[in-house]
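Working notes for the structure below.
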Amino acid sequence: MPAPLRDSAVPKHEQLRSILLQRITRELQPGDLLTSERNLMQDYGVSRITVREAVGQLVNEGHLVRVRGKGTFVAHRPVQSRLHLASFTVEMRAMGHEPTTVVLVAEEDEVPEVTARVLGLAEGAKAYHVKRLRLADGVPVSVDDGWFNPDLLPGLLQHDLSKSIYQICADRYGRPIERAEQTVNARAADTGIAALLGAKKGAPVLHFDRVSFSGERPMEHTESWYRSDRYQLQMEVGQEKLARGN
């Protein structure tokens, strides 16, 4: 049974916030229902105002989420990624998450015009089309819809594409992905993407458009859609040194 909070230099709402944050991060799982305001008032001997202030702070910080008519739940903790070149599989494992992949499409098909251009293929040429749902700890994080140059990766579809394709490129073909050109923007999820990510149509997603290279040869053109509430980008920003004129 929790002990009632005592008067101290630390306000009671701050004491309660710290206690609840510890429970959220150590005892509860994303999606778990937080005990009711009434129970918190009784357990810790505090007023409704104190409970609402502590819970409100945790909601604003993204640790909890309120659902009208249902209660307050532990929020899904977003995957935080540094902006660098790494496969989803390697990146998730490095952050302590367990990655899994569901292969939705694996076929050889005619490439879209834009993809043919960036991969240096003739108009109407065929390439490997691989669409995958990526999950971290069993929770959908992204959808990757990629095209791969068949001249550089012959027989790619014969491999286990639920594993890291970047690792396959390096180990099986001797063609490690060494750099990429990538743009990121915000979009509203369409019906198909929303269904795969378990989100509502129109929900905000991060859209990535990437062309990856091995040496000077473009090998991959992929579009990815990430749930913005489950994936964050972290980057280090420095001041660019500008040449000054006389």
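- In terms of heavy-atom proximity, Gly202 sits nearest to Ala188 at O-CB, 3.7 Å.
- Interatomic distance, CD of Gln22 versus CD of Glu27, reported as 7.0 Å (0.5 Å rounding).
- Scanning all heavy atoms of the two residues, the minimum distance from Val111 to Ala127 falls at CG1-CB, 3.1 Å.
- Put simply, the side chain of Leu153 reaches to within 4.5 Å of the side chain of Cys169, judged on heavy atoms.
- A distance-only check finds a donor-acceptor pair linking the side chain of Gln15 to the backbone of Arg6 [under 3.5 Å].
- The two residues Asp109 and Trp147 come nearest to each other via the heavy atoms O-CZ3, 3.5 Å.
- For Ser214 (side chain) and Pro176 (main-chain N/O), a donor-acceptor pair under 3.5 Å exists by modelled atom type.
- In this structure, the separation between OG on Ser162 and CG on Leu133 is 12.0 Å, given to the nearest 0.5 Å.
- Using a 4.5 Å heavy-atom threshold, the side chains of Thr115 and His129 count as separate.
- Tracing side-chain contacts under 4.5 Å through hydrophobic residues (I, L, V, M, F, W, Y), one reaches Val59 starting from Met41; they form part of the same cluster.
- Within the model, atoms CD of Glu108 and CG of Leu156 stand 10.5 Å from one another, a figure rounded to the nearest 0.5 Å.
- Contact between Gln29 and Val74 at its shortest, heavy atoms only, is O-CB, 3.5 Å.
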*Pair Trp225-Asp145, side-chain contact (heavy atoms from CB on, under 4.5 Å): steps then yes or no*: CA-CA 9 Å; Trp225 296 263; Asp145 194 351; 3.8 Å; yes
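- Side chain of Glu37 to main chain of Arg52: no donor-acceptor pair is present (N/O by atom type, distance under 3.5 Å, no hydrogens or angles).
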*asked:* Pair Ser212, Thr222 - check side-chain contact (heavy atoms from CB on, under 4.5 Å), show working.
replied: CA-CA 8 Å; Ser212 301; Thr222 291; over 6 Å; no
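- At a threshold of 4.5 Å between side-chain heavy atoms, the hydrophobic network of Ile, Leu, Val, Met, Phe, Trp and Tyr places Leu58 and Val46 in one connected group.
- The main-chain N or O of Gly198 is found under 3.5 Å from a side-chain atom of Arg227 such that the two form a donor-acceptor pair.
- Atom CD of Glu216 has 12 or fewer heavy atoms from other residues, nucleotides or ligands within 6.0 Å.
- Shown here for Leu135 and Pro140, the closest heavy-atom pair between the two residues is CD2-N, 3.7 Å.
- Using a 4.5 Å cut-off on side-chain heavy atoms (C-beta onward), Val205 and Ser228 make no contact.
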*Step by step, work out the side-chain hydrogen bond (donor to acceptor under 3.5 Å, both in side chains) result for His221 and Asn149.*
CA-CA 9 Å; His221 179 215; Asn149 191 328; over 6 Å; no
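- Residues Leu21 and Phe73 do not share a hydrophobic cluster, clusters being chains of Ile/Leu/Val/Met/Phe/Trp/Tyr side chains in contact below 4.5 Å.
- Cluster annotation: Val55 is not connected to Val65 through the hydrophobic network of ILVMFWY side chains, with a link wherever side-chain heavy atoms come within less than 4.5 Å.
- Side chain of Asp144 to backbone of Lys131: no donor-acceptor contact under 3.5 angstrom is found.
- Around CD of Glu107, the count of heavy atoms belonging to other residues, nucleotides or ligands within 6.0 Å exceeds 12.
- When all heavy atoms are compared, the tightest approach of Arg17 to Gln57 is CD-OE1, 3.0 Å.
- Checked by atom type and distance alone, the side chain of Thr50 never pairs as donor or acceptor with a backbone atom of Lys12 at under 3.5 Å.
- When the shell of 6.0 Å around CG of Leu104 is examined, it contains more than 12 heavy atoms from other residues, nucleotides or ligands.
- For the atom pair CG of Leu20 and CG of Leu34, the computed distance is 6.0 Å after rounding to the nearest 0.5 Å.
- Checked against the 6.0 Å centroid threshold, His159 and Tyr173 count as a close aromatic pair.
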*asked:* side-chain contact (heavy atoms from CB on, under 4.5 Å) for Glu181 and Phe213? Distances and angles first, verdict last.
replied: CA-CA 8 Å; Glu181 297 174 358; Phe213 297 80; 3.9 Å; yes
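- Linking ILVMFWY side-chain heavy atoms closer than 4.5 Å, directly or via other members, places Val103 and Ile165 in a single hydrophobic cluster.
- For the atom pair CZ of Arg187 and NE2 of His207, the computed distance is 4.0 Å after rounding to the nearest 0.5 Å.
- The closest donor-acceptor contact from the side chain of Tyr128 to the backbone of Pro154 lies at 3.5 Å or more, if one exists at all.
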*List the steps and the verdict of side-chain contact (heavy atoms from CB on, under 4.5 Å) for Asp209 and Asn185.*
CA-CA 9 Å; Asp209 190 307; Asn185 56 36; over 6 Å; no
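- Expressed to the nearest 0.5 Å, how far CD1 of Ile177 lies from CE of Met219 amounts to 3.5 Å.
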